[in-house]
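Read the numbers this way: they start at 1 and go in the same order the structure lists the ligands and their atoms. All values reported here derive from a predicted model rather than from experimental measurement.
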Amino acid sequence: VPGGWGVYDQAADAERRERRETLEGLRVVLAGAPGAGELEVHYQPQVAASGVVVGAEALVRWRHPDRGLLAPAAFLDLAEERGLMGALTARVLRRAAADAAGWARRGHRLRVSVNVSTSVLVDPGLMPLVEEVLARTPLAASDLVLEITETMLMKDPERALPTARRLAERGVGLSIDDYGTGYASMGYLDDLPATELKLDRAFTARLGRRERTAAIVRTTVDLADRLGLRLVAEGVEDDATLRALHGLGVDETQGYLHSRPLDAAAFGCWLDERAAR
Ligand code: C2E
Ligand code: CA
Ligand code: CA
Ligand code: CA
């Protein structure tokens, strides 16, 4: 139907235009030029069973002048596709380290975790960037964690290995994000000097609904324990799930229950308030 094709063309056109505008905007933002808004780093706490806040995950946002606060899903794929991920990650890493140094000055020493894609993990520029960040901020190497998703890791485990080893030598943490969503996960675990497993929120969400899930979580606790890895469960939204996780031996948790991701200022206040109570 000609009319049908017309509608399709219009939709495709609109999508192409939006992608082009998003890409141009991203370039402007990353160049630090005005007019396209700002990249912000928001933080979500990681809380031990004792109640102590032990870490924060840095999550990028784009405060867009017309479109409001954009989540990573709105621009990360495009950034990756167009080779902008290195610049974006450098931005996030520098900001996160500076913010973490700020919290430490206010008496809140915690780890900060930054997400990296495979392209960034294998980029020769990554280690110099990490060195620069560690030299410029009083952040301890072990208080910096890079998160890489299991799926990305599985695509090319060999290529990730050299950087993983360098990070380990330097004492920087490496977390396997969305753990349990890849397949044949045991092979790479044997080689990779990771420091943390981040249990995917699919397991957390199913914990109250499926009995088998508890067995999987318990096995993961045991595995992490035996490999000397920290385990963090993500996506904890309610008290019952938190108690179930603690009951299964998961110490550290992250999710809306503790807090939604907050901008740096709000997160600083959140830390202060929590310490005061
Ligand atoms: P992720 O690394 O798995 O991050 C967790 C995501 O789950 C975040 O979404 C967070 O806001 C959301 N979340 C946290 N707690 C809960 C909860 O209790 N329930 C539910 N349903 N969701 C929760 P966000 O911020 O939209 O980030 C999406 C993804 O974008 C991240 O998934 C990560 O893969 C990627 N990402 C974010 N920032 C960066 C970055 O700076 N660099 C790179 N390479 N990737 C990033
Ligand atoms: Ca993550
Ligand atoms: Ca995750
Ligand atoms: Ca995820």
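For the Ca ion (ligand 2), the nearby protein N/O/S atoms, meaning those under 3.0 Å, are E57 OE2, N115 OD1, E147 OE1, D177 OD2.
Nearest-residue assignment for atom 14 (C) of ligand 1 (options R95, M152, Q44, E80; heavy-atom criterion): Q44. Of the candidates R201, R260, E234, H42, it is R201 that places a heavy atom closest to atom 6 (C) of ligand 1. In the candidate list D200, V114, L76, L76 is nearest to atom 35 (C) of ligand 1, counting heavy atoms.
Taking a 4.0 Å cut-off on heavy atoms, A73 fails to register as neighbouring ligand 1. A heavy-atom separation below 4.0 Å is found between M85 and ligand 1. Distances shorter than 4.0 angstrom do not occur between any heavy atom of K198 and any atom of ligand 1. Distances from ligand 1 to the non-hydrogen atoms of D177 include at least one value under 4.0 Å. Ligand 1 has R61 within reach: a non-hydrogen atom of the residue lies less than 4.0 Å from it.
A perpendicular orientation is assigned to the rings of W103 and Y43, their planes being inclined by more than 60° (bins at 30° and 60°).
Between the side chain of T149 and the backbone N or O of D178, no donor-acceptor pair lies under 3.5 Å. For T213 (side chain) and F203 (main-chain N/O), no donor-acceptor pair under 3.5 Å exists by modelled atom type. Within the 3.5 Å criterion, the main-chain N or O of Q44 finds no donor-acceptor partner in the side chain of W270.
For ligand 1, the atoms lying closer than 4.0 Å to a non-hydrogen atom of E237 are 17 (C), 18 (O), 19 (N), 20 (C), 21 (N). Close approach of ligand 1 to V92 is summarised as follows: ligand atoms under 4.0 Å from at least one heavy atom of the residue are 41 (O).
If you look at Q254 next to ligand 1, there are no close heavy atoms at all, none under 4.0 Å. Only the side chain of D178 comes within 4.0 Å of ligand 1, counting heavy atoms alone; its backbone N, CA, C and O stay farther away. When heavy-atom distances to ligand 1 are checked against a 4.0 Å cut-off, T149 has no atom that comes that close, whether in backbone or side chain. Using a 4.0 Å cut-off between heavy atoms, V60 contacts ligand 1 through both its backbone and its side chain.
With salt bridges taken as basic N to acidic carboxylate O contacts below 4.0 Å, one links R19 and E81. With respect to R226 and D222, a salt bridge is recorded, a charged nitrogen being found less than 4.0 Å from a carboxylate O. A salt bridge is absent between E237 and R201; no separation between the charged side-chain nitrogens and carboxylate oxygens falls under 4.0 Å.
The closest side-chain heavy-atom distance from L78 to L84 is not below 4.5 Å. Inter-residue side-chain proximity for E252 and V54 is flagged as met; some heavy-atom pair is nearer than 4.5 Å. For the pair L229 and L223, the minimum side-chain heavy-atom distance is 4.5 Å or more. For the pair R212 and R206, the minimum side-chain heavy-atom distance is 4.5 Å or more.
Taking any N or O of T89, backbone or side chain, none lies under 3.5 Å from an N or O belonging to ligand 1. Residue E57 has at least one nitrogen or oxygen atom sitting less than 3.5 Å from a nitrogen or oxygen atom of ligand 1, judged on distance alone.
Judged purely by distance below 3.5 Å, without hydrogens or angles, the side chains of R274 and S259 never pair a donor atom with an acceptor atom. For the 3.5 Å distance criterion, the side chains of Q254 and Q46 qualify, holding a donor opposite an acceptor. E196 and S175 are linked by a side-chain donor-acceptor pair at a separation below 3.5 angstrom, with hydrogens and angles left out of the test.
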